[in-house]
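Remarks on the structure that follows.
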Amino acid sequence: MGSVKAELLRLWKWPATWVLIGVWLVMTLTFGYVFNYLALNGGTNTRSMSQQQLISAMQPENVGAAVVRGLPMFGGAIILVLAALAIGSGYGWGTWKTTLTAGPRRVSAMAGTLGALGIVVVLLVALTFVVNVGASITVASLEGWDWSLPGLGVFEALGASLLIAAMWTGFGVFLGVVTKGPALAVGLGLMWAIVTENLLRGVGSLLGPVESLTRVLPGGSAGNLAGAVGGSGAPGVLTDLSGTTAALFLVGYVVFFVGAATLLKVRRDLV
Amino acid sequence: MIVTTEKLTKRYGDRAVVDEVSLSVRRGEVYGFLGPNGAGKTTTIRMLLGLVRPTSGAARVLGEKPGTPRALLKVGSLIEGPGFYPYLSGRDNLRVHAARRGVDRTHVEAALEQVDLMGAAAEKFRRYSLGMKQRLGVAAALLGRPELLILDEPTNGLDPAGMADMRDLVRALAAQGQTVLLSSHLLGEVEEICDRVGVISNGKLVAESTVEQLRGETVLVIKADPIEKAHVLIEGSSLHGDVLHVRETDAGALVRTLVHADVDVQEVRPLRRTLEEVFFEMTGAA
Ligand SMILES: Nc1ncnc2c1ncn2[C@@H]1O[C@H](COP(=O)(O)OP(=O)(O)OP(=O)(O)O)[C@@H](O)[C@H]1O
Ligand SMILES: [Mg+2]
């Protein structure tokens with residue numbers, strides 16, 4: 001417990017935590033509401049989206065879909081960066097050394113770190129929901145739409161969002177521990193989340209086996225889960241797998257990433 | 001015994017960085033762990049804290065296996081420079097550490113007081129001077145009143161005044177009965193504040209005794225002509241400029257040997273060596 005408290009205290013006072021959460025919230029607002037709102041009002045050319053689609057995307061009752069569609073790629077990338085930095089920078093600062101000699105066994109120290117990071121990520125997802133609800137209600141009121149709050153289905157989207165966020169957190173933690181530093185962990189993670197999987201999807205359209213593989217890679221599974229719970233119209237959202245299959249793959253990734261990172265942390269010499 | 005190691009060994013590849021080190025630290029003493037750069041001090045200390053697993057051999061810290069909570073909670077340590085969050089204040093860093101150690105946060109102020117950091121407690125660690133950082137490291141080590149304090153080169157990078165402060169602090173702690181294991185490559189430091197010394201060189205513990213005993217071995221200084229011939233004749237002698245040093249008490253026999261071989265003996269006198277000379281001789285760093 002002391003480990004969670006300690007780690008939470010230091011994450012809470014870490015500027016990077018709030019910078020990343022802030023950047024994500026601003027991105028969510030800008031791409032989810034500001035641009036759509038401008039397009040709706042006086043946008044001469046709304047391109048692929050019909051007026052009706054724009055309105056639907058900003059309706060308070062569709063807020064679950066609005067949140068979850070942002071997480072497979074861009075939101076995931078931000079969460080991955082947060083986790084990779086939180087874990088990786090401890091090697092350079094020498095704080096892992098301080099942590100591992102403080103008293104608790106290594107498993108507890110690692111559990112404390114994961115617990116605190118989990119709390120921060122849950123907070124990030126919760127804030128995203130709150131901000132989306134606020135923005136959608138604002139837009140609906142400004143436009144004078146008849147609007148209603150989301151139904152119970154929103155919990156499905158919330159659960160999916162948390163699972164996707166957990167997977168990217170685990171990925172970041174894993175990279176931070178494996179590379180023993182923030183720089184390479186962040187670099188590799190961003191590369192994977194934003195570039196590699198997309199490139200593979202491109203190759204997949206030529207090669208069948210690669211295509212099936214891309215569906216179940218971390219980003220692919222996240223995209224498919226988002227698609228299955230109603231997310232659409234955002235980069236990285238897919239509809240190739242059932243929600244259950246995608247969710248099972250994500251759970252598998254969380255277990256693997258967290259398990260492997262913990263095992264490494266416990267076994268490896270710290271020099 | 002507070003710390004005992006038995007043939008403690010760490011290999012990286014086929015190089016033994018710590019080679020069958022058997023040392024012991026007794027309750028209430030300040031034990032100096034002395035050795036030149038790269039001798040294996042930090043690696044040994046890491047093994048005592050469970051950060052590094054020994055390749056072979058064993059260690060006990062306060063009767064416990066190193067790295068277990070039972071051992072760690074009774075040991076405060078500062079290894080190879082302090083490891084703190086740069087964006088947190090000194091006080092917040094200690095609060096985080098106190099939470100990890102399960103120590104009430106009220107002890108934080110006392111620890112800050114002890115290392116004279118009250119004035120800078122609210123400043124960010126990033127902005128601390130080297131000396132302040134080092135003192136904060138000691139403050140963290142003191143949290144929870146550990147039975148054993150392990151300080152790895154605590155004066156590293158400090159200016160003379162900072163070094164003197166750090167030594168005063170260690171001495172003050174020792175006066176209260178605190179057991180301290182302190183590593184250093186500075187002889188003066190060890191001579192000044194340690195009760196016993198373990199000298200490590202190339203991974204091997206080459207001596208372990210009190211400071212007086214270490215210095216105590218008398219050495220004969222011999223001036224002779226030709227000096228090279230004398231050097232060859234006297235086994236275990238070492239050439240220092242135009243004189244020989246020999247760890248030998250029977251001066252008469254030595255002189256007879258030299259005279260028989262037609263070496264002109266000009267001077268034979270005992271030398272009371274400084275610890276520095278003993279050290280260089282042992283570690284072969286002269
Ligand atoms: N992880 C590692 N892999 C390979 N070699 C290592 C590793 N850690 C330490 N060494 C080597 O072990 C030797 C002893 O290192 P150690 O840090 O224990 O020395 P030290 O006595 O603390 O030196 P200093 O006074 O410079 O701090 C060095 O030569 C170092 O290069
Ligand atoms: Mg060292």
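Protein chains get the first letters and strands the later ones, always in sequence-line order, with residue 1 at the start of each.
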Checklist entry - Taking all atoms of both residues into account, what is the closest heavy-atom pair of B:Asp92 and A:Lys13, and its distance? => result OD2-NZ, 2.8 Å
Next on the checklist: Taking side chain as everything from C-beta outward and backbone as N, CA, C, O, which of these in B:Arg100 sits under 4.5 Å from a heavy atom of chain A? Side chain, backbone, both or neither.
Outcome noted: both
Item to check | Best-contacting candidate, B:Glu80, B:Lys74, B:Arg101, against chain A by heavy atom pairs under 4.5 angstrom | outcome: B:Arg101
Item to check | Greater than 12 external heavy atoms within 6.0 Å of B:Glu6's CD | outcome: no
Checklist entry - At what distance, to the nearest 0.5 angstrom, does NZ of A:Lys5 lie from CZ of B:Arg95? => result 10.0 Å
Next on the checklist: For the OH atom of B:Tyr85 and the CG atom of A:Leu9, what is their distance to the nearest 0.5 Å?
Outcome noted: 9.5 Å
Next on the checklist: For chain A, which candidate among B:Leu143, B:Val96, B:Thr42 shows the most heavy-atom pairs at distances under 4.5 Å?
Outcome noted: B:Val96
Checklist entry - Based on non-hydrogen pairs under 4.5 Å, which of A:Gly92, A:Pro15, A:Gly2, A:Gly103 is most in contact with chain B? => result A:Gly103
Next on the checklist: Would you say that more than 12 heavy atoms from the other residues, nucleotides or ligands in this model lie under 6.0 Å from the OH of B:Tyr128, or not?
Outcome noted: yes
Item to check | B:Tyr12 atom OH, over 12 foreign heavy atoms within 6.0 Å | outcome: yes
Next on the checklist: With a 6.0 Å cut-off (strictly less than), is the heavy-atom count around CH2 of A:Trp18, excluding the residue itself, greater than 12?
Outcome noted: yes
Next on the checklist: Can you confirm whether more than 12 heavy atoms, excluding those of B:Met1, are under 6.0 Å from its CE atom?
Outcome noted: yes
Checklist entry - At what distance, to the nearest 0.5 angstrom, does CZ of B:Phe125 lie from OG1 of A:Thr95? => result 10.0 Å
Item to check | Non-hydrogen atoms of A:Thr98 and B:Gly83 that approach each other most closely | outcome: OG1-O, 2.6 Å
Next on the checklist: The criterion is side-chain contact (heavy atoms from CB on, under 4.5 Å); which residues satisfy it with A:Pro218, sequence neighbours excluded?
Outcome noted: A:Met167, A:Phe171, A:Trp192, A:Glu197, A:Tyr253, A:Phe257
Checklist entry - Can you say whether B:Pro82 sits under 4.5 Å from chain A via the side chain, the backbone, both, or neither, judging by heavy atoms? => result backbone
Checklist entry - Side chain of A:Lys97, backbone of B:Leu51: donor and acceptor closer than 3.5 Å? => result no
Next on the checklist: If I compare all heavy atoms of B:Pro69 with all of A:Pro104, which pair ends up nearest, and what's the gap?
Outcome noted: CG-C, 4.4 Å
Next on the checklist: Working to the nearest 0.5 angstrom, can you tell me the gap between A:Arg105 CZ and B:Arg70 CZ?
Outcome noted: 10.0 Å
Checklist entry - Is chain A contacted by the side chain of B:Ile79, its backbone, both, or neither, given a heavy-atom distance below 4.5 Å? => result both
Item to check | Atom CG of B:Asn202: over 12 foreign heavy atoms under 6.0 Å | outcome: no
Checklist entry - chain B heavy atoms under 4.5 Å from A:Thr99: which part of the residue, side chain, backbone, both or neither? => result both
Item to check | Neighbour count >12 (heavy atoms, 6.0 Å) for atom CZ, B:Arg145 | outcome: no
Item to check | From A:Thr101 atom OG1 to B:Leu48 atom CG, the distance as rounded to the nearest 0.5 Å | outcome: 12.5 Å
Checklist entry - Shortest non-hydrogen contact from A:Arg267 to B:Arg53? => result O-NH2, 3.1 Å
Checklist entry - What's the spacing between A:Asp269 CG and B:Thr43 OG1 if we round to 0.5 Å? => result 10.0 Å
